[in-house]
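Reviewing the structure listed below.
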Protein chains: 2
Amino acid sequence: MDENTPSPAAVRRVACIGTGVIGGGWVAHFLARGFRVSAWDPAPDFEARLRRLVEAAWPALTELGLADGASRENLVVAETLEQAVAEAEFVQESAPEDLAVKRDLLARIDAATPPGVVVSSSTSGYGMTEMQVDCATPQRLVVGHPFNPPYLIPLVEIVGGERTERWAVEWAAEFFAATGKSVIVLDREVPGFTANRLQEAMWREALHMVANGEATVAQIDASITEGPGLRWPLLGPCLTFHLAGGEGGMAHMLDHFGPSLKSPWTRLEAPELTDELREAMVNGCEEAAGGASIAELVAARDRALIAVLRAIKDVRRDLL
Amino acid sequence: MDENTPSPAAVRRVACIGTGVIGGGWVAHFLARGFRVSAWDPAPDFEARLRRLVEAAWPALTELGLADGASRENLVVAETLEQAVAEAEFVQESAPEDLAVKRDLLARIDAATPPGVVVSSSTSGYGMTEMQVDCATPQRLVVGHPFNPPYLIPLVEIVGGERTERWAVEWAAEFFAATGKSVIVLDREVPGFTANRLQEAMWREALHMVANGEATVAQIDASITEGPGLRWPLLGPCLTFHLAGGEGGMAHMLDHFGPSLKSPWTRLEAPELTDELREAMVNGCEEAAGGASIAELVAARDRALIAVLRAIKDVRRDLL
């Protein structure tokens, strides 16, 4: 952090390096939030693809509400990486998932970005510790991992590497929140972070089922979209099971379904349901419920399910 | 199947045995679809709890639209199991997940239910083969596994046991569909069926993360509700990743992210990404997309995300 570090809420110029599905999605997000965005990608035809992606996203962003001054004309296509970041107050890197590529690119970005400016990587799995090794000023590099499409899904997971300084993580959390994102700050590097670990577990089970002829792709997708997937926009896996326990909540659920953790319901082995884990889950659910009773949560879940079912029905009718 | 077996669409009287969270939810579903429902549970105070559950569900069901003749007055509380099923044209069992309890209860239901009438179990994990062992006429027993709450979540997974006859599976699929459910018929018994295997994999990973202090309950839930959980009501895990591949779809996604299947992103080991599996995933996604192009799917996903985000925002405002 130095005299170049802007206040997170004062940032106006961001750079996006790498403009594929994720990087292009970031460009659309920042344009919609009123930023001036300079973008660069090594692909010779990237500008056409990027503008197509922004065009496709713009109706959705317009419907959600653009920030004051938001315009597609604030997109500046740079000729070099160095040009793209030269005046940036924040940089988001979204290169392919290849460690050597990430290391090299982040070192080049670090060398060309004004000191004190935070650089964030969209990596879906690498730790910043292993990516920042060739950077001269690694203290300002963080992971800021989005979900596809970054212009609509709120989640950003933020975590630093061993050589990242704490201020950079805090700055990034404030900055992303100021652009309307929902931020989770992780205390330590875990491969895949949080959301990817969770969805990857489900994805691997799905691949096993297809590989073994236990279910088709269509059955797997329907089992989620017609089933538990409808609950997850309002209640995550923990609060969902808090309600599965009826009036007894998570405590009853763990005591009742605990034994089925020993069943071969997936290829993923369950942890031992120790007293400590049971207590962490029960207390965590009570905190996450924020004082709402089971009855209040059930009523909210039902309202959410009705709204989600209706919303999806309209979209499906148009699609199919 | 015999002269007692009604046409699936002609059923008017159903019995629900076991009236906890799931069984009571079934009662609410069938009442809302206009059925006469006879219910029984061994708990002495079950009637009060059941009526409370139906009362709590009724506003949601009313808002979604009740069937002609639907009324809470069509609930008949039986004094014995035998009385409950004596005139039933379909029986749904929702006892606790205890194999001995299920075996005993299903044998009693089987003995008291008119011949040719299909009996379905809500079990979330047992196979019908292991549950039907003590039944005199096991050929009409199927698993009909719902999701909580059964009166709002459409999915029902149907699968028979070794002694179940094919007509019973087909009859149950037709009957549940006639009551507005989304039906998946599985060809063979797989522990946990499909949706539970998938969500259980995620749940076990979540328990590991809490047990190891890698994330809190609140972080785990937020990582889903603010992230991938928003996509799953419209697009299951397979079509979601079909879109993650950009214009190249699932084929590009597997070729690009295939190597990360080797990464320790979860405690669940990934299967080998063989040519056969790659082809099954790619072809499955193309079929599941039903001819929709990537661009059309992206546009539909964005519309769904906006609708879901808006729906959830209102519910959250009321809840928190």
Side-chain angles (χ1 to χ4, degrees), chain A residues 21 60 147-148 152 154-155 182 184 190-192 194-195 197-208 210-211 214-215 217-219 221 223-230 232-234 236-238 246 264-266 268 270-271 277 280 284 288 300 302-305 307-308 311-312 315 319, chain B residues 21 60 147 152 154-155 182 184 190-192 194-195 197-208 210-211 214-215 217-219 221 223-230 232-234 236-238 244 246 264-266 268 270-271 277 280 284 288 300 302-305 307-308 311-312 315 319:
Chain A
V21 171
F147 280 76
N148 193 33
L152 290 179
L155 185 63
S182 297
I184 293 179
V190 179
T194 301
R197 285 192 83 88
L198 297 171
Q199 75 163 345
E200 179 80 6
M202 187 162 82
W203 173 236
R204 289 179 183 199
E205 187 65 28
L207 290 174
H208 276 292
V210 172
E214 294 164 346
V217 165
Q219 285 179 320
D221 274 4
S223 78
I224 297 299
T225 61
E226 303 293 310
L230 294 165
W232 285 324
L234 183 72
C238 301
W265 275 16
T266 151
L268 200 159
L277 177 53
D302 285 5
R303 285 198 301 279
L305 282 172
V308 169
I312 296 304
V315 175
L319 181 66
Chain B
V21 171
F147 281 76
L152 290 178
L155 184 63
S182 296
I184 293 179
V190 178
T194 301
R197 285 193 82 90
L198 297 170
Q199 75 164 346
E200 179 81 5
M202 187 163 81
W203 172 237
R204 290 179 184 198
E205 188 64 28
L207 290 175
H208 275 293
V210 172
E214 293 164 347
V217 165
Q219 285 179 322
D221 273 4
S223 78
I224 297 300
T225 61
E226 304 293 310
L230 294 165
W232 285 325
L234 183 72
C238 301
W265 276 15
T266 150
L268 201 159
L277 177 54
D302 285 4
R303 284 198 302 279
L305 282 172
V308 168
I312 296 302
V315 175
L319 181 67

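Below, read A as the first sequence line, B as the second, and so on, with proteins coming before strands; counting in each chain starts at 1.
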Determine the minimum heavy-atom distance between Ala300(A) and Val315(B), stating which atoms define it.
-> O-CG1, 3.4 Å
Pick one of side chain, backbone, both or neither for Leu305(A), based on which atoms fall under 4.5 Å of a heavy atom in chain B.
-> side chain
Leading residue by heavy atom contact count with chain B [cutoff under 4.5 Å; candidates Ala280(A), Ala211(A), Pro264(A), Ala307(A)] | Pro264(A)
Ala195(A) versus Ser223(B), closest heavy-atom pair with distance | CB-O, 3.5 Å
Return the minimal non-hydrogen interatomic distance between Ile224(A) and Trp232(B), and the atom names on each side.
-> CG2-CB, 3.8 Å
Closest non-hydrogen atom pair, Pro191(B) against Arg197(B) = O-NH1, 2.7 Å
Of the listed Gly284(A), Ala201(A), Ala311(A), the one with the largest count of heavy-atom pairs under 4.5 Å with chain B is Ala201(A)
Of the backbone (N, CA, C, O) and the side chain (C-beta and beyond), which part of Val21(B) lies under 4.5 Å from a heavy atom of chain A, both, or neither?
-> side chain
Given Gly229(B), Pro271(B), Ala206(B), the one with more heavy-atom pairs under 4.5 angstrom with chain A than any other is Pro271(B)
Chain A shares the most heavy-atom pairs under 4.5 Å, among Val217(B), Leu155(B), Leu268(B), with Leu268(B)
Applying a strict 4.5 Å limit to non-hydrogen atoms, the region of Ala215(A) in contact with chain B is side chain
Rounded to the nearest 0.5 Å, how far does NE2 of His208(A) lie from CG of Leu198(B)?
-> 12.0 Å
What residue in Gly192(B), Pro233(B), Gly236(B) has the most heavy-atom pairs under 4.5 Å with chain A?
-> Pro233(B)
Between Thr266(A) and Glu205(A), which heavy-atom pair has the shortest distance, and what is it?
-> OG1-OE1, 2.8 Å
Quick one: of Gly227(B), Ala218(B), Ala244(B), who has the most non-hydrogen atom pairs under 4.5 Å with chain A?
-> Gly227(B)
Side-chain contact, heavy-atom cut-off 4.5 Å: Ile184(A) with Glu226(B)?
-> no
Among Leu230(B), Val308(B), Val210(B), Asp302(B), who wins on heavy-atom pairs under 4.5 Å with chain A?
-> Asp302(B)
